[in-house]
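On a predicted model such as this, the values are computed, not experimentally measured, just so you know. To find a chain, count down the sequence lines: A is the first, B the second, and so on, and within it residues start at 1. Basis for what follows: all heavy atoms, side chains included, without hydrogens, waters or symmetry-related copies.
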Amino acid sequence: MYLESQKQLAETLRDVLQNKYGVQPENVPVEIPPDLKFGELATPIALQLARTLRKAPKVIAQEIVAALGTVDGFAGFEVAGAGYINARLERAAFVAETAQAALPKIAHTHFRVANPPHALVEHTSINPNKAAHIGHLRNAILGDTFVRLLRAAGHKVDVQNYIDNTGVQVADVVVGFLHLEKRSVDEVRALVAACEQRAATEGHTAAIDYLCWDLYARTSQWYAEGTAEENGARKKLRYDTLHAIEHGGNETAEVAELISTAVLKRHLETMLRLGIEYDFLPRESEILHLKFWELAFEQLKQKGVLYFETEGKNKGCWVMRRPGAETAADEVDEDAKVIVRSNGTVTYVGKDIAYHLWKFGLLGRDFGYQPFFRYADRECWISTEHGVEPHPHFGGAQAIYNVIDSRQSDPQANVIQALRGMGYTEQADRYIHFGYEMVALTPSYAAQLGYQLSEEDRARPYIEISGRKGFGVKADDLMDLMIQAAKAEVVKRHADWDEAAVMAVASKIAYGALRYYMLRFTRNSVIAFDQDMALSPEGETGPYLMYAAARIRSIFRKAGTAPEAALAELAGMAELGRFLTGADDEDIWALWLRAGRRSMVLEQAIATSEPAYIAKHAFQLAQEFSNFYHNHHILTEEDAGRKKFLLATAAVTLHELVTVLAWLGIESPEAM
RNA sequence: GCGCCCGUAGCUCAGCUGGAUAGAGCGACUGACUACGAAUCAGUAGGCCGGAGGUUCGAAUCCUUCCGGGCGCACCA
C-alpha cells in the first residue's frame, strides 16, 4: 500500500516537473521521512533542481506544491526545512485499503505478474561426503529465503542444489573406506544399508553422514601423519582415487556413488527440518559424462574467449583473460586464468562455464532426469545420464542467483567474464553471485560446546569454525540442542501440555530462532553464532517475533472472534479518521503504516538481494505492535466502534507478521 | 605485489539510489503486573560514523590517500 502511494506521488511529481519546468530528472526521489511529524512521504526534489532552475529551493518547493493541488490518497503537501516537500496521506483511506489487501481473496491477486521472470537459485551445494555443519545452514537458509521472496513477488523460480559428487572431498572418504578400513564395495553397500536402518530407529546420529564426518577427519589426518615417503604415496592414492571416480565405470566410482548418494539424502533430510526444499540436483558426474565441457570448449574457442598460450609459464595451456586485465597485445599475459591444462584436462572454472551456459540455456545439451526425493507435495529431481520420460525441464533461466560464500568471488567473476566475452552480456548482467560471509561461534558458545579455548581466543569477537583446529558443529546436532533448550522454556510455562505438544512448539521455536538469527545480519557480515542469543525471548530474535504473534492470537481467542472477521468488519466502517487523528493515536497510525509497507520492503530486498531487510521489517512490526499493545487496552475498550478498530489493528498486524515470517521460512505457534 | 570486503554507542549490528536532530538490540542504571500472556513495555546514560584531504546547497554514504582488520589471487576441486 505504501509502495503504491510512493509510486503515485513520484509519477505525479514527474508530470508537474515536466509541465511546469520542462525538466525530466532521471529519478524523482520519494523517501520516508525520519519522523512522522514530517508526514509519511517526502521529496527533496526542489533541493536538487535549485541549481538547474537557478531558483531558491524553497521557492521551487512552493511552486510545486501549488501545482500539485489535490492528489488522490493524499491529505496535503507542505514545504519544510530547506526546501523539502512533505506529503501527508489520507489516513482513513490508507487504513481501509491496507485492511482490504490483508483479506484473503485480495491478497492472492495482489502480486500476479503477467509475464513472470524465470529465475534459478542455486544454494546449499554441500560436498556429499559428511554431515552438514552450521556454515552450510547459513547458505541454505539465505538461499531458501530468497527463493521465497522471489516467489512472493511472482517470479517463477527453480531451486537447484549442485552436487560435487566427483570431487576430492568425496575421494577422501572413499580412500577412507577402501584403504584405511579396507572395505569392499559390497561391504560399503551393506554398511550404507545398515546405517539407514539404524538411523530409522536410533535417529540421525547413527546415520551415514555422521559416520563419514569422523572418517573424513581421520583420512585427512592420515595423509599427513606418515613418513615423507608414505605421505607421498598416500597423496598419489588420493589423486588416483579422484581420477577413478571422475572417469567412472569402476569399483572406486561405485563406492563414491553409494556414499555420495546416501549422504546427499541425509543433507536433504537435514534441510527439510527447516522447511528447505529443492527442485533439481545437478551433479558433477553428469557434467563430466555428458561432456558439457566439449560443447562449451568449442564455443569458447570460436568466440575467441580462450586462446592457446605458446609462451611463458602457461605455455601449452588454453587460457582466458581475467576480468579487468590489461596487457599490451604483443605481451604475454602471465596472469591469465588457465582453463585447459597442458595435459589436456579441464579446470574447475572451465566446467563451471559449461554448467552456466546450460543454466542460461546456451549450451545446446541437457541433463537426463530422474526422481530422487519425495516431498509432501512434489518431487525433487536429480541429474542422470539416461533419464526417464516425461520429466520437467530445468535450466534456460533468465536470471541466476548463486548462493556461494564470498571467498569464491574470484572464480565466479571468471565465469561471468567468460559469458561476457562470448557476447552473452545480458546473461552476464543477470548472473548474481549471492555472496555471504562465514558463520563462526562466540567464544562462550564454543566453550559451551566443549572446545578448549586459549586466553587469546576468549578475547576474540568470534571463533572461526575450522577443521584444522577441530571446531565444528553438525547442523542436526545444533538443531537438537536448540530444541532441547526451547523445550525447557516451554515446559516451564505450560506444565499441563503433553510431550507431543511441547515438542511441536519447541521445534517451531528452535527452527524459527535459528532461521531468524541467520537472516538478521546482512550478507557480508560475519555471524558469531550463539545459541542463547538466538533463542533469547528478548531483543531482535525469532522467539520475540513469534511471541508477538502468539499474543495477538491469544487476544482473538479471548475476544471470541477471528482476525479475518475483524478486518472484514473494518471494511464496512465509516469515519475511520476519528481513530487516527487523536494525540494518543500516532502509534496506531505508525503500526498501520508499517503494516502497509510489505511490498515496498519486498521490492527493496529483491533489488539488493538482501533478505535481512525483511527480517528487520518483521522485527519493527512486532516491536511497534508491542508498543501499541501496552498503550491501548483492546478487550476492555468501551467505545464499540473503537474496539472494532483496535481489533482490526491487531488483525492486520498478525496477518502481516505471519505473511512476512512465512517469507523468512518461520512458522509461529498458536501459543508458546 | 594486485584485487575484493570491512572499520558507526562498552558489545553485536542497521542506516534504502548522498538529504531533515546518526538508529536498533544486548549490557548498565530507573520505573511499570488485583486489566487482553511481564518470553513484555516505558525511560536515562552512552557516538569528532578509523584518520586526513576533496566533490556537493548537503557526506556515515561518492572520490583520493593513509592507518587498522578479514579474505581471495594454482596447470586443487
Side-chain angles (χ1 to χ4, degrees), chain A residues 26-27 29 31-35 38 42-44 47-48 50-51 56-57 80-84 86 127 164 166-171 239 242 246 284 313-319 322-324 335 337-343 345 347-349 351-352 405-411 413 435 437-438 442 461-462 464 489-490 492-493 509 520-522 524-528 530 533 535-541 543-544 546-548 550-559 600-601 604-605 607-608 610 612-613 616 619-620 623 626-627 629-637 646 650 671-672:
Chain A
E26 268 186 53
N27 62 335
E31 331 161 329
I32 297 176
D35 194 297
F38 298 122
T43 176
L47 296 163
Q48 270 178 29
R51 170 161 281 218
Y84 280 95
N86 293 337
N127 277 305
D164 184 6
T166 57
V168 269
Q169 293 223 22
V170 167
Y239 287 102
L242 173 63
E246 282 176 345
E284 172 99 348
K313 67 169 183 157
N314 295 332
K315 187 176 174 182
C317 298
W318 286 89
V319 301
R322 289 179 193 274
D335 192 41
K337 175 71 196 165
V338 171
I339 301 298
V340 180
R341 303 181 188 103
S342 52
N343 69 4
T345 59
T347 61
Y348 163 72
V349 171
K351 283 182 270 190
D352 219 23
D405 85 272
S406 304
R407 285 178 297 209
Q408 302 224 37
S409 63
D410 243 49
E437 270 293 341
M438 63 170 177
T442 62
Y462 56 82
E464 195 172 340
E489 293 301 312
V490 175
K492 236 190 270 178
R493 293 173 174 83
I509 292 173
R520 58 173 284 208
F521 302 97
T522 50
N524 53 17
S525 157
V526 174
I527 294 181
D530 189 304
M533 285 190 200
L535 275 171
S536 169
E538 288 169 28
E540 193 183 338
T541 67
Y544 175 88
M546 290 183 258
Y547 177 65
R551 196 150 62 171
I552 298 173
R553 292 196 169 106
S554 166
I555 294 171
F556 280 98
R557 278 195 298 272
K558 293 236 159 81
M600 194 186 251
V601 178
Q604 190 193 358
T608 56
E610 192 56 271
Y613 290 136
K616 185 68 79 184
F619 173 66
Q620 285 168 331
Q623 202 179 34
S626 294
N627 182 340
Y629 172 87
H630 280 267
N631 289 343
H632 308 275
H633 202 271
I634 301 169
L635 296 181
T636 56
E637 174 59 48
L646 294 178
M672 62 188 274

A:Pro29 vs A:Ser536, nearer the 5' end of RNA chain B by closest nucleotide: A:Pro29

Starting at [atom1] of [X] and ending at [atom2] of [N], how long is that distance when rounded to a whole Å?
X	N	atom1	atom2	result
A:Met533	B:rC11	CE	C1'	8 Å
A:Gln48	B:rC57	CD	C1'	11 Å
A:Asn343	B:rC76	CG	P	8 Å
A:Tyr462	B:rG70	OH	P	8 Å
A:Ile552	B:rA39	CD1	C1'	15 Å
A:Asp335	B:rC73	CG	C1'	8 Å
A:Lys351	B:rC75	NZ	P	15 Å
A:Arg557	B:rG37	CZ	P	8 Å

I'd like the [atom1] distance from [M] over to [N], given in whole Å.
N	M	atom1	value
B:rU17	B:rU56	P	22 Å
B:rC62	B:rG15	P	12 Å
B:rA20	B:rG58	P	14 Å
B:rU12	B:rG50	P	15 Å

What is the per-nucleotide protein-contact pattern of [range], from the 5' end, where B denotes a base atom under 4.0 Å from a protein heavy atom, S denotes such proximity for sugar-phosphate atoms only, and - denotes neither?
range	result
nucleotides 1-6 of chain B	----SS
nucleotides 27-35 of chain B	--------B
nucleotides 45-50 of chain B	------

Reckon [X] touches a base, only the sugar-phosphate, or nothing at all at heavy-atom distances under 4.0 Å?
X	result
A:Lys313	base
A:Pro33	base
A:Lys315	base

I'd like a list of close polar pairs between nucleotides 61-63 of chain B and the protein, N/O only, cut-off under 3.5 Å.
none

Do A:Arg551 and A:Tyr629 form a cation-pi contact, if we require the NZ or CZ to be under 6.0 Å from the six-membered ring centre and within 45 degrees of the ring's axis? yes

Base orientation of B:rC33, chi within 90° of 0 counted as syn, else anti, reads syn

Between the CE atom in A:Met438 and the CD atom in A:Glu464, the distance rounded to the nearest 0.5 Å is 4.0 Å

Determine: side-chain N/O of [X] to OP1/OP2 of [N], distance under 4.0 Å, yes or no.
X	N	value
A:Tyr544	B:rA38	no
A:Asn127	B:rA77	no
A:Gln623	B:rG25	yes

Nearest of B:rG37, B:rC41, B:rC75 to any side-chain atom of A:Thr347? B:rC75

List, with names and distances, any nitrogen or oxygen atoms from the protein found under 3.5 Å away from nitrogen or oxygen atoms belonging to nucleotides 7-9 of chain B.
none

Please confirm whether any donor atom in the side chain of A:Ser342 sits under 3.5 Å from an acceptor in the base of B:rC75, or the reverse. yes

B:rA39 base to A:Arg551 side chain: any donor-acceptor pair below 3.5 Å? no

Using Watson-Crick and G-U wobble pairs with both distances under 3.5 Å, what is the 5'-to-3' dot-bracket string of RNA chain B, with [ ] for crossing pairs and | for pairs outside the strand? (((((.(..((((.....[...)))).(((((.......))))).....(((((..]....)))))).)))))....

